[in-house]
Amino acid sequence: MKYDFKAIEKKWQQKWEDEHTFSAKQDFSLPKFYALVEFPYPSGQGLHVGHPRSYTALDIVARKKRLDGYNVLYPMGWDAFGLPTENFAMKNHIHPEIVTKNNVARFKSQLKSLGLSFDWDREINTTDPSYYKWTQWIFLQLYKKGLAYKKEMNVNWCTGCKVVLANEEVVNGTCERCHSPVVHKVKSQWMLRITAYADRLIDDLDTVNFIDRVTTQQKNWIGRSHGAEVTFGTTEGDEMIVYTTRPDTLFGVTYMVIAPEHKFVDKWADKISNIDEVRAYRDAAAHKSDFERTELAKEKTGVRLDGVMAINPVNGKQIPIFVSDYVLASYGTGAIMAVPGHDQRDYDFAKVFGLPIIEVVAGGDITKEAFTDCATGVMVNSGFLTGMSVDDAKVAITEWLEKEGKGVKKTNFKLRDWVFSRQRYWGEPIPMVYCEKCGWQPIPESELPLKLPEISDYEPGPEGESPLARHTDWVNTTCPCCGGPAKRETDTMPQWAGSSWYFLRYCDPHNDEALASPEALKYWMPVDWYNGGMEHTTLHLLYSRFWHKFLYDIGVVPTAEPYAKRTSHGMILGENGEKMSKSRGNVVNPDDIVDQYGADTMRLYEMFIGDFEKAAPWSSSSIKGCKRFLERVFDLSEKLIDGDGYRPQLETSFHKAIKKVSEDILQLKMNTAIATLMSLLNEIDDAKGITRGEYRTFLVLLNPFAPHITEELWEMAGFEGQIAQTSWPTYDESKCKDAQIEMVVQISGKLRGRFVADANIDKEAAIAAAKAVEGIAAQIEGKTIVKEIYVPGKLVNLVVR
RNA sequence: GCCGCUAUGGUGGAAUUGGCAGACACAAGGGACUUAAAAUCCCUCGGAAGAAAUUCCGUACCGGUUCGACCCCGGUUAGCGGCACCA
C-alpha cells in the first residue's frame with residue numbers, strides 16, 4: 001500500500017479539530033505542564049520555515065508530556081498590533097482590522113497543516129478589545145503605582161517609520177525594523193519605570209532555568225555596576241557630582257569632563273570666557289544622529305571651560321573642566337572625573353589635549369597606555385591609600401568619602417526607562433485624558449476597553465503626531481476628575497505591550513472579570529518551558545518579566561517570575577548558508593514543503609536538521625532522507641507478525657531506544673532521538689518482520705515527531721483508541737545493557753585489539769582476557785607492564801615500558 | 001574594543017562529558033532489477049601506503065597535563081551573535 005500522506009494528514013487534522021483532542025483539561029487536580037512558544041506576528045508573508053522549528057520542538061515535548069499523564073497547556077495566539085499591518089493598510093486602503101483578520105486566517109491554516117497540537121480553544125489576539133482591555137488595565141495599575149509617567153525627553157525618532165523607538169529597538173543608530181537613520185527629538189512621552197526593577201530583573205535570574213546566553217545577555221543589557229558618587233567642589237561654589245566605579249583612583253584625577261548637554265554650561269555662561277565656542281560644540285553634538293556619533297567615535301574631541309575650575313575633594317587641587325561628547329548626559333550624572341592613568345578613554349583624551357597623567361596604581365606602563373587591571377595593581381601616589389590593593393582602596397576611600405560627606409556608595413545601570421508611546425493608529429489606545437485643570441487623569445476602569453475609533457486615514461501628521469489626533473470627536477472628552485472638557489491621549493502603546501502578559505491570558509482566556517482567575521493562574525503558572533528567539537532576549541523577554549514582577553507585587557499573579565525555563569532555537573538559513581530573505585532569493589515556503597513531502601516529513605526534517613540551538617542551512621536533498629524513513633515506517637504495516645513482546649535479539653535495542661528518545665526529547669536533542677529511531681528501524685528490518693508489541697512501542701515513540709502517520713498506522717493495526725490517548729512506553733534500566741560487550745585493548749593508550757566479554761566481567765578477568773588477545777602477547781613480550789587500567793564496559797589499557 | 005558562543009569527512013551532524021573519532025542521514029561512485037528512466041534493494045565511501053592482513057596520519061593552528069585529549073589548561077587564528085565612549 002502506498003503512503004498517501006495528503007489523505008492521512010487531512011484526516012487526522014480534521015479529527016483533532018472535531019474532537020478537541022489537545023485542549024487542556026479544566027481539572028486542576030491533575031499534574032500540569034505549561035509549554036509555550038512565542039506567538040507570531042501575523043505578517044502578510046505568511047509562515048516562515050523558522051516558525052515550525054520552535055513550534056514543532058515544543059509540540060514534541062507537549063505530546064510526550066500528555067502521554068506521560070500531564071494536563072498540558074500548549075496554546076497559540078496572535079501578536080497582531082504593529083506597523084507592518086498599518087503600512088499595508090495605508091498602501092492598499094484596507095482597514096488594519098481586515099488585514100489582520102486575513103493574515104491570521106492564513107497563519108492559522110498553515111499551523112494546522114503542520115499538525116501542531118495547539119489548544120485552539122484558547123486562541124487569543126492582542127487586537128481583540130476583550131484582550132486589550134486588560135493590557136490597558138495593567139497600564140492603569142502601573143500608572144497608579146507611579147510606574148507610568150509622562151516626560152519631556154530626548155527620544156529616538158525613526159525617520160522612516162515616523163515613530164518613537166525604545167532604546168531596545170535601535171540597532172547601530174538605525175531602526176531595527178526599517179533601518180532608517182534614528183535621530184534625537186524632544187517629545188512628551190509615556191514612560192514605564194522598568195529601572196525600578198533593574199536589581200530584581202538581574203537577581204531573580206538565579207531562581208529560573210534560562211540557557212546561559214540568555215542570562216548573560218540580560219545581565220549585560222541591564223548593565224549593573226557598583227561604585228560611588230563623589231562630590232567635587234568648583235570655583236563657582238556649585239557642587240559637581242560624578243559617578244565612578246573606580247573611587248580608588250581619586251588621587252589620579254587630573255581633569256573633569258561634563259556632557260555637552262550638562263546644565264552647568266548654561267548656568268556658568270557668564271563665567272565661561274569661551275562660551276561661544278562651548279555652545280558651538282554642544283550644538284554640533286546635538287545635530288549628530290546616533291549613527292554618526294558611533295561612526296565617528298574614535299578620535300576624542302572637546303572644549304575646555306575657560307574661567308572655571310573643579311576642586312578634588314581628596315587633596316583640594318584645582319583641575320580644569322571640559323565638555324566632550326564621549327560623556328553621555330543620560331548615564332550616571334552626566335559628568336565624570338577623568339583618570340587618564342587608569343582609563344583608556346581618559347588617556348586618549350588627555351593625549352589629545354596634553355593633560356597630565358598620574359600613576360596611582362602600580363603595575364602597568366602608563367607611558368604607553370592606561371593601566372586598567374584591578375586585580376593585581378597596588379596603590380601609589382595616593383595619600384592614605386598608598387600600599388593598598390585596589391579592592392581594599394575602594395572600600396577605604398568610599399568609607400572616607402561617606403564620613404567626610406563628600407560621596408556615597410552607588411549602583412548604576414545601563415538600562416533606561418521604557419519609552420511607551422507610539423505615534424500610530426494600530427496599537428492599544430493609552431487610557432489617559434488630559435484636563436487643563438486636573439492634568440493627566442486615568443480613565444475609570446469601568447470604561448475599559450477604550451476602543452480604537454474607526455478611521456480611514458492612518459498617515460502620521462507632519463510633526464509625527466498620531467493619526468488619532470485628527471479625530472477630534474474621539475479626542476474630545478470630559479475629565480473623569482472634574483467633569484470639564486478634556487482631551488484623550490492620542491499616542492498608542494508599542495507592539496511589546498500586548499505580548500508582555502499574553503501567557504497569563506492563556507490560563508483563562510475568556511474571563512471578563514479579570515485578566516485571568518486567581519485559581520487558573522495558581523494552577524498553570526509559571527510557564528514550565530518557554531522557547532523563543534534570541535532576538536527577543538532584551539525586548540519581549542525583559543519587558544514581560546518586568547510586567548510580571550509588577551503584577552506579582554500588586555497581588556495579581558502568584559509567582560515572581562513568569563517562566564521557569566527558557567530555551568532558544570537557532571535560525572534556519574537558506575540553502576546557501578545565508579539568512580533567508582526575499583532579496584537573496586533563498587526563501588523556502590513551508591506550504592510548498594508540506595504539499596510536496598507532507599507535514600510529518602517537514603516536522604521530522606526540521607528536527608533532524610541539526611543541533612536545535614544552532615543555526616542550520618536548509619537542504620532540499622536531506623529532507624528526502626526523512627521522507628524515505630517514513631515510507632519505510634509505513635511499509636512496516638505489511639510486515640506484522642504475531643507476538644506481544646520484544647523478540648530477544650531486539651529487546652535491548654527497544655529498551656535503549658525508549659530511554660534515549662525519552663531523555664533526548666527533554667533536552668531538545670531531537671536530531672539524535674530521530675537517529676535512534678532510524679537505527680531501530682534498521683535493526684527491525686534486519687530481523688525480518690515486526691511483532692505487534694514491537695510495532696506498538698515503535699509507533700508511540702515516533703508519534704510526537706510524526707503524529708499523523710503513526711496514528712494512521714495505529715488505527716490500521718487495530719490497536720485500541722488513538723496514540724494520543726495511550727501512554728508513553730516504559731523501559732527497564734537493567735535491560736538497557738547488552739549481555740555481551742566488545743572491549744578495547746590498548747597498549748600505552750594506543751588501540752591494539754579487541755575482545756568480546758560478559759558485560760559484568762571484573763577487572764582481573766578483563767585484564768587476563770586482554771593479555772590473551774591474539775597479537776597482544778607478542779607486543780608486551782619482553783616489556784614491563786607498569787600500569788594496568790580497566791574502564792568497566794569500555795577498555796583495558798596496558799602501560800608498558 | 002568588551003562579553004558570549006563556535007570550529008569534527010565532499011555536506012548536515014554524532015561521540016554516554018577524559019576512554020574504539022565520524023553514529024544517523026545527505027551527496028557521490030559501483031552493482032542488481034528494468035527495453036529505458038524514476039523508485040527500490042545491495043556494496044564502497046576521512047587521508048596515505050599495501051594484493052591483503054595491517055600500519056601510519058587525522059577533530060582550525062602551536063604548546064602543555066595525562067596511561068589515554070574532539071573533550072581539560074596556556075597561547076594563536078578564523079567565523080557567528082550581543083554590547084559598544086555606560087566612567
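All values below come from the heavy atoms of this structure, side chains included, with hydrogens, waters and symmetry mates left out. To find a chain, count down the sequence lines: A is the first, B the second, and so on, and within it residues start at 1.
- Comparing G9(B) with A25(B), their C1' atoms sit 14 Å apart, to the nearest whole Å.
- Taking the O4'-C1'-N9-C4 or O4'-C1'-N1-C2 dihedral as appropriate, G64(B) has a value more than 90° from 0 and is therefore anti.
- You'll find the side chain of Phe698(A) reaches within 4.5 Å of the side chain of Leu681(A), heavy atoms only.
- Within 4.0 Å of Glu742(A), counting heavy atoms only, lies at least one base atom of the nucleic acid.
- Residue-level contact check: Ser225(A) touches the backbone only, with heavy atoms under 4.0 Å from sugar-phosphate atoms and none from bases.
- When distances are taken from the side chain of Asp325(A) to each of G19(B), C20(B), C85(B), the shortest belongs to C85(B).
- In this view, Phe264(A) and His262(A), Trp268(A) satisfy the ring pair (Phe, Tyr, Trp, His ring centres under 6.0 Å) rule, not counting sequence neighbours.
- At a threshold of 4.0 angstrom between heavy atoms, the contacts of Gly223(A) with the nucleic acid are absent.
- Looking at Glu359(A) and Lys368(A), no side-chain N of the basic residue comes within less than 4.0 Å of a carboxylate O on the acidic one, giving no salt bridge.
- No side-chain donor-acceptor contact under 3.5 Å links Thr372(A) and His342(A).
- Base engagement by Arg754(A) is indicated by at least one non-hydrogen atom pair under 4.0 Å involving a base atom.
- Checked by atom type and distance alone, the side chain of Gln344(A) never pairs as donor or acceptor with a backbone atom of Glu369(A) at under 3.5 Å.
- Across C85(B), C26(B), C24(B), the shortest atom-to-atom separation from the side chain of Arg628(A) is found for C26(B).
- When the ring pair (Phe, Tyr, Trp, His ring centres under 6.0 Å) test is applied to Phe608(A), no partner is found at least two apart in sequence or on another chain.
- For the pair Tyr243(A) and Lys624(A), both in contact range of RNA chain B, the more 5′-proximal nearest nucleotide belongs to Lys624(A).
- For Arg632(A), the listed nucleotide lying nearest its side chain is A25(B); candidates were C85(B), C83(B), A25(B).
- For U17(B), the glycosidic angle deviates from 0 by 90° or less, giving a syn base.
- His536(A) and Glu38(A) share a donor-acceptor pair across their side chains, judged by distance under 3.5 Å alone.
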Using a 4.0 Å cut-off on protein heavy atoms (strictly under), produce a 5'-to-3' string for nucleotides 4-16 of chain B with B for base contact, S for backbone-only sugar-phosphate contact, and - for none. --------BSSSB
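- Counting only Watson-Crick or G-U wobble pairs whose defining distances are both under 3.5 Å, the stems of 3 or more consecutive pairs in RNA chain B are B:1-7 with B:77-83, B:10-12 with B:24-26, B:28-32 with B:40-44, B:46-49 with B:54-57, B:60-64 with B:72-76.
- Side-chain atoms of Gln217(A) stay outside donor-acceptor range of the base of G81(B), with no qualifying N/O pair under 3.5 Å.
- Between the side chains of Ser225(A) and Tyr243(A), at least one donor N or O lies within less than 3.5 Å of an accepting N or O.
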Expected rows: protein N/O vs nucleotides 70-77 of chain B N/O, under 3.5 Å:
none

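- When heavy atoms are screened at a 4.0 angstrom cut-off, Asp346(A) is found touching no nucleic acid atom at all.
- With Asp343(A) contributing its side chain and Ala370(A) its backbone, the two residues share no donor-acceptor pair below 3.5 Å.
- Here Lys669(A) does not pair with Glu663(A) in a salt bridge; the nearest charged N to carboxylate O distance is not below 4.0 Å.
- Judged by closest nucleotide on RNA chain B, Trp221(A) is the one of Asp343(A) and Trp221(A) placed further toward the 5' end.
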Where do N or O atoms of nucleotides 53-58 of chain B meet protein N or O atoms at under 3.5 Å, pair by pair?
from	atom 1	to	atom 2	distance (Å)
C56(B)	OP1	Arg752(A)	NH2	3.3

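- Between Tyr255(A) and Phe353(A), the ring center distance fails the sub-6.0 Å criterion.
- The shortest distance between the side-chain N/O atoms of Tyr331(A) and the OP1/OP2 oxygens of A87(B) is below 4.0 Å.
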